[in-house]
Number of protein chains: 2
Amino acid sequence: MRPKLTLKQIAKELDVSISTVSKALRDSPEIGEDTREKIKAFAKFYNYKPNNIALSLKNRKTKTIGIIIPEIVHHFFTTVISGVEKVANEMGYNVIICLSDNSFDKEVINMEMLANGSTDGFIMSLAKETMQKGDYHHLIEVISQGMPLVLFDRVVDQILCDKVIIDDVLGAQKAVQHLIDIGCKRIALLSTVDYVSVGKLRTQGYKLALEENDFELDEDLILKIEEMEESEEKIEHFLKDKDVDGIFAVNEHFAISAIKYIQEHGKRVPEDVSVIGFTDGELSKRFIPSLTTVSQHGTRMGEEAARILIEKLEKTPGEDEQYRTVIVETGLVKRNSTKSLK
Amino acid sequence: MRPKLTLKQIAKELDVSISTVSKALRDSPEIGEDTREKIKAFAKFYNYKPNNIALSLKNRKTKTIGIIIPEIVHHFFTTVISGVEKVANEMGYNVIICLSDNSFDKEVINMEMLANGSTDGFIMSLAKETMQKGDYHHLIEVISQGMPLVLFDRVVDQILCDKVIIDDVLGAQKAVQHLIDIGCKRIALLSTVDYVSVGKLRTQGYKLALEENDFELDEDLILKIEEMEESEEKIEHFLKDKDVDGIFAVNEHFAISAIKYIQEHGKRVPEDVSVIGFTDGELSKRFIPSLTTVSQHGTRMGEEAARILIEKLEKTPGEDEQYRTVIVETGLVKRNSTKSLK
DNA sequence: TTTCAACACGAAAACGATTTCGTGCCAGTG
DNA sequence: CACTGGCACGAAATCGTTTTCGTGTTGAAA
């Protein structure tokens, strides 16, 4: 076992001082050409690489950014991560990932953990429980310490920071509008409960689209689901005696559960009922029928978030402290779960 | 903006020495009761937390483990990550994730990056390109520096280290055996090229099962696919005039592409052709027909890998240096893409 | 010959924490 | 009164870098 080479060892080996070695490696003109070459050759030969921890301590920068998300086994979040990773890598940053598991406590613990020197800034999407509690002291704490924070997807108005979101309202509205355009008359909404901001906003979009087309809002056509686990059951129960010809679901799973139920009960998708989901995952693409969805462009959100964060990190503090909210546009990907336009 | 509190500041504020503060906070009996209480009260009030970077430098441990995987937008890998995260969190470790993007160069760069003090050890699955090249100098380098390495899934015999794998041969064999059991006579294999170890091993299992049942091996029934992108096309071409009644695919995507083709050409799954995939993802579960698959238990692999790594990390070096290979059992999840046993 | 840059390098502080080893003071003992 | 031991605390080294500020040597100019 050969431990890592340090400046000190090089110095001893070549019989010069530590500072000389450091300067030589950083091409300081202070050092004579011959010693410089000698040191660089030695370092190269033994593959010297400076210790990141020491550098972090000295520079008070870690060159890593922390991502805190509710869960990772979820296509949307992984695309965001890969977007962040890509930009971070290009800019010489590392990415450290923590999962809150949708728990407030874990979110707080992870954040405090990372805030103690492990990362320079945060990119995060809030845990469901956090939004429910409305307790954001950990975010405020981190911001007040001067660490940049970029929220994405599950954001909250009370916190002043950069944000990357999609236009949930417009996305939902466009989806429902499409259902109306292809002739749907009774359109159901499968949503999550309102304290999850996306649920609320997408519901808004749903209502807006109905309104614009002079459809009457029927609260009986709206289902709000609390737990992922019970979704299938709830949806089946909900659809039991509803006579709908269009369904807008706020995620893939709800959409697919709905399609399954419909098909099992003698109707066809999209001939009898058109279904649109939200979030464009593998599932939507390969399901049969493939799903028409509002696509969220997770990768782009991740890239955007990373760019904003790194920009903040590399700007000398004090420069105009402005917070941006970037809205990543959604797209409507038309596939086979909706009728085509007449 | 209020910067983070340090020992030095507390010391100055309370007019004692830095060492006294440090000792007081760590409950050293050296410090008198009254000063100790005073310091602890102050620290608590101002929410002092030691700086991780400084601790890392001092202790020569970062308490973080590095994960390097080919890609993250892949259900299997995310389950592994969440398994690692879970165990790591319980043991007070952080997780830092890098993606190799299946590129050898990126894998090397990431590894060198993290090895310079950022992590205490590695959990990784090799990039396709790395296995193709057969160049593992970066792994050897890291191991020789005394950093524990745990390989999972895409592992390689030449490297001596701990490994967590599934029994690909047995998993494949069981799958094919099941096809035989339900009466399939002509069973095709959709595999990847051989330098991806899983492709090779699963092909072995396929052959083994045939052999055991005195089936004749027909090389024409084996398709090896190089690139994910061309898979759909290749599979369609391959199935064109093959008269098969069973298909074993080494992943979900191949399986689904096959099903699509079969259905589009007037045959039914599972009535005419039974299909089994590998890796139990969301897609398999919710596809129609839902897929019978060999499930890989990614979470368990992640947990296992993390446990092994942390154990190595916390063991004083020198203690018997033994490498383990843990085999996580696969399961055959029977769903609707295969006929039921007669 | 003296003086003064320029050159090439080293000593030391700093980042924030832990830890070893003093050290001053006081009480108790012979 | 002198000695010893324990208590409560501080100084300094350490981890591996970077960087500022010397400092000794040389060569050239006066």
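Per chain, numbering begins at 1; letters A, B, ... match sequence-line order. The shown structure was predicted, so the numbers you read here are calculated from the model rather than taken from an experiment. What's counted below: heavy atoms across the whole structure, side chains too, no hydrogens, waters or symmetry copies.
What separates CG of A:L57 from C1' of C:dC15 is a distance of 4 Å, to the nearest Å. The nearest whole Å value for the distance from the CD1 atom in A:I53 to the C1' atom in D:dC15 is 11 Å. Put simply, CG on A:D27 is 13 Å from P on D:dT19, counting in whole angstrom units. Straight-line distance from the CD1 atom of A:I18 to the C1' atom of D:dT14: 12 Å, rounded to whole Å. In this structure, B:Q145 atom CD and D:dG16 atom P are separated by 13 Å, rounded to whole Å. Atom-to-atom, CG of A:L55 to C1' of D:dT19 comes out at 13 Å; the value is rounded to the nearest Å. Regarding A:K49, its NZ atom lies at a distance of 16 Å from the C1' atom of D:dG16, rounded to whole Å. Rounding to whole angstrom units, CD1 of residue B:I31 and P of D:dG6 are separated by 18 Å.
Nucleic acid contact class of A:S56 (heavy atoms, under 4.0 Å, all strands): none. Heavy atoms of B:T6 sit under 4.0 angstrom from primed sugar atoms or phosphate atoms, though from no base atom. Looking at heavy-atom distances under 4.0 Å, A:L7 makes contact with a base. Nucleic acid contact for A:K23: base, since at least one base atom lies under 4.0 Å from a heavy atom of the residue.
Between A:P50 and A:E30, it is A:P50 whose nearest contact on DNA chain D lies nearer the 5' terminus. The nearest heavy atom of DNA chain D to A:K8 and to A:N59 marks one nucleotide each, and the one closer to the 5' end goes with A:K8.
In this structure, A:H297 has its ring center at least 6.0 angstrom away from the ring center of A:F76.
In the interface, the side chain of B:S19 is paired with the base of D:dA11 through a donor and an acceptor atom under 3.5 Å apart. Side chain B:S22 to base C:dA17: no donor-acceptor pair is found below 3.5 Å.
One finds no side-chain N or O of B:K58 lying less than 4.0 angstrom from the OP1 or OP2 phosphate oxygen of D:dA13. For D:dT17, one of the phosphate oxygens OP1 or OP2 lies less than 4.0 angstrom from a side-chain nitrogen or oxygen of A:Y48. Between C:dC9 and A:S17, no contact under 4.0 Å exists linking OP1 or OP2 to a side-chain N or O. Within the 4.0 Å cut-off from OP1 or OP2 of D:dG16, at least one side-chain nitrogen or oxygen of B:R60 is found. Regarding contacts with the backbone of D:dC9, a side-chain N or O of B:T35 is found under 4.0 angstrom from either OP1 or OP2.
Taking the side chain of A:R26 as heavy atoms from C-beta on, and the options C:dA17, D:dT19, C:dC15, the nearest nucleotide is D:dT19.
The pair A:R307-A:E303 meets the salt-bridge criterion, since a charged nitrogen lies less than 4.0 angstrom from a carboxylate oxygen.
Looking only at atom types and distance, the side chain of A:E112 has no donor-acceptor partner in the side chain of A:H138 under 3.5 Å away.
Between A:D162 and A:L151 there is no side-chain heavy-atom pair separated by less than 4.5 Å. B:P148 is listed as a side-chain neighbour of B:L313, based on a closest heavy-atom distance under 4.5 Å.
Shown are A:Q132, A:H137, A:K133; of these, the side chain to side chain donor-acceptor pair (under 3.5 Å) with A:D135 is made only by A:H137.
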